[in-house]
Amino acid sequence: MATPKVLIVMGSESDKPVMTEAKTALSELGIESEMCVASAHRTPDMATKLAKESASRGIKVIIAGAGYAAHLAGAMAANTLLPVIGVPLETSSLAGIDALLSTVQMPAGVPVACVALGKAGARNAGILAAEIIALSDEKLAKKLHTARKEMARKVEDVNRKLRS
Ligand code: RP5
């Protein structure tokens, strides 16, 4: 198995169904990724170690998904210079607004790229990670262009059917 280029970390196993969307988006583009559970609150040492060791393991981008007071993406970003993409998850009774604000509102100096809530965000996190990696990978950049064209073609197909 090739060395994973993207680390997908989530706060709990219960986040897996949503965070798998990121892995799927990456696999569709032929990018190897690794998924694991680590929590900023329940296993802070594990989260720190994962972030600190990622660059030396060949990881290029970290995706971090969490719900409730979602500090995971920020905690990862605090311990690495790799780009970190945060996915806020809708797991609490506040329907994710808590996770969204916790993920997006990083103070100046330690950025987290926050994507949309839930499955759409997890998928976009995978695509955004691919776009970052594609800056130095022409073959991957071509795959991303093809995927965009395919998306547009599907919309055109729908419109053709609607008109007929
Ligand atoms: C967060 O708490 C996790 O990211 C998860 O979304 C949420 C609930 O976790 P569990 O209680 O289901 O383990 O830290």
Side-chain angles (χ1 to χ4, degrees), residues 1-135 140 143-144 147 151:
M1 207 172 77
T3 313
K5 286 205 170 77
V6 179
L7 172 68
I8 303 167
V9 56
M10 54 204 157
S12 165
E13 193 187 4
S14 62
D15 299 327
K16 190 169 165 242
V18 175
M19 292 310 292
T20 299
E21 293 286 326
K23 192 168 182 66
T24 303
L26 288 162
S27 330
E28 285 169 9
L29 293 159
I31 302 172
E32 213 51 62
S33 65
E34 177 183 288
M35 276 186 118
C36 70
V37 173
S39 161
H41 310 111
R42 292 169 179 165
T43 62
D45 294 343
M46 189 197 290
T48 301
K49 191 168 181 282
L50 269 173
K52 284 192 171 162
E53 289 176 351
S54 285
S56 61
R57 289 181 50 224
I59 299 286
K60 303 290 180 216
V61 183
I62 295 175
I63 295 173
Y68 285 79
H71 297 123
L72 183 58
M76 298 301 284
N79 286 295
T80 182
L81 292 178
L82 292 175
V84 176
I85 304 170
V87 186
L89 301 178
E90 303 155 272
T91 44
S92 79
S93 41
L94 295 182
I97 194 74
D98 43 1
L100 173 63
L101 295 177
S102 304
T103 305
V104 79
Q105 283 289 57
M106 284 299 286
V110 184
V112 163
C114 180
V115 289
L117 277 159
K119 282 196 175 183
R123 182 160 178 85
N124 275 350
I127 297 169
L128 182 55
E131 288 177 355
I132 294 167
I133 296 167
L135 290 171
L140 178 57
K143 281 187 191 172
L144 283 161
M151 239 176 358

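We count ligands from 1, going down the list as the structure has it; atoms in each ligand are counted the same way. Since this is a predicted model, take the numbers as computed values, not measurements.
For L81, the CG atom counts as loosely surrounded, since its 6.0 Å shell holds 12 or fewer non-hydrogen atoms of other residues, nucleotides or ligands. In the displayed structure, K23 atom NZ is contacted under 6.0 Å by more than 12 heavy atoms of other residues, nucleotides or ligands.
The side chain of D15, and not its backbone, has at least one atom closer than 4.0 Å to an atom of ligand 1 (non-hydrogen atoms only; side chain from C-beta on). Contacts with ligand 1 closer than 4.0 Å are made by side-chain heavy atoms of S14 only, the backbone lying farther away. When non-hydrogen atoms are compared, ligand 1 lies under 4.0 Å from the side chain of R42 (C-beta onward) but not from its backbone.
Nearest protein neighbour of atom 1 (C) of ligand 1, counting heavy atoms only, is G67 O, 3.6 Å. What sits closest to atom 2 (O) of ligand 1 on the protein, heavy atoms only, is Y68 CD1, 3.7 Å. Considering only non-hydrogen protein atoms, atom 10 (P) of ligand 1 sits nearest to S12 OG, 3.4 Å.
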**Request:** Would you sort out whether V87 and M10 count as a side chain to side chain contact (heavy atoms under 4.5 Å, CB included), showing the intermediate values?
**Result:** CA-CA 9 Å; V87 186; M10 54 204 157; over 6 Å; no
**Prompt:** Going through the checks in order, is the side chain to side chain contact (heavy atoms under 4.5 Å, CB included) test met by I97 and L100?
**Reply:** CA-CA 5 Å; I97 194 74; L100 173 63; 4.2 Å; yes
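For ligand 1, the polar-atom distance check against T91 finds a nitrogen or oxygen pair separated by under 3.5 Å.
Although no hydrogens or angles enter the test, the distance criterion places a donor-acceptor pair under 3.5 Å between the side chain of K143 and the main chain of L29.
Every atom of ligand 1 with a heavy atom of A66 under 4.0 Å away is listed here by number and element: 4 (O).
Annotation for E90 and A95: closest pair CG-O, 3.7 Å, computed over non-hydrogen atoms.
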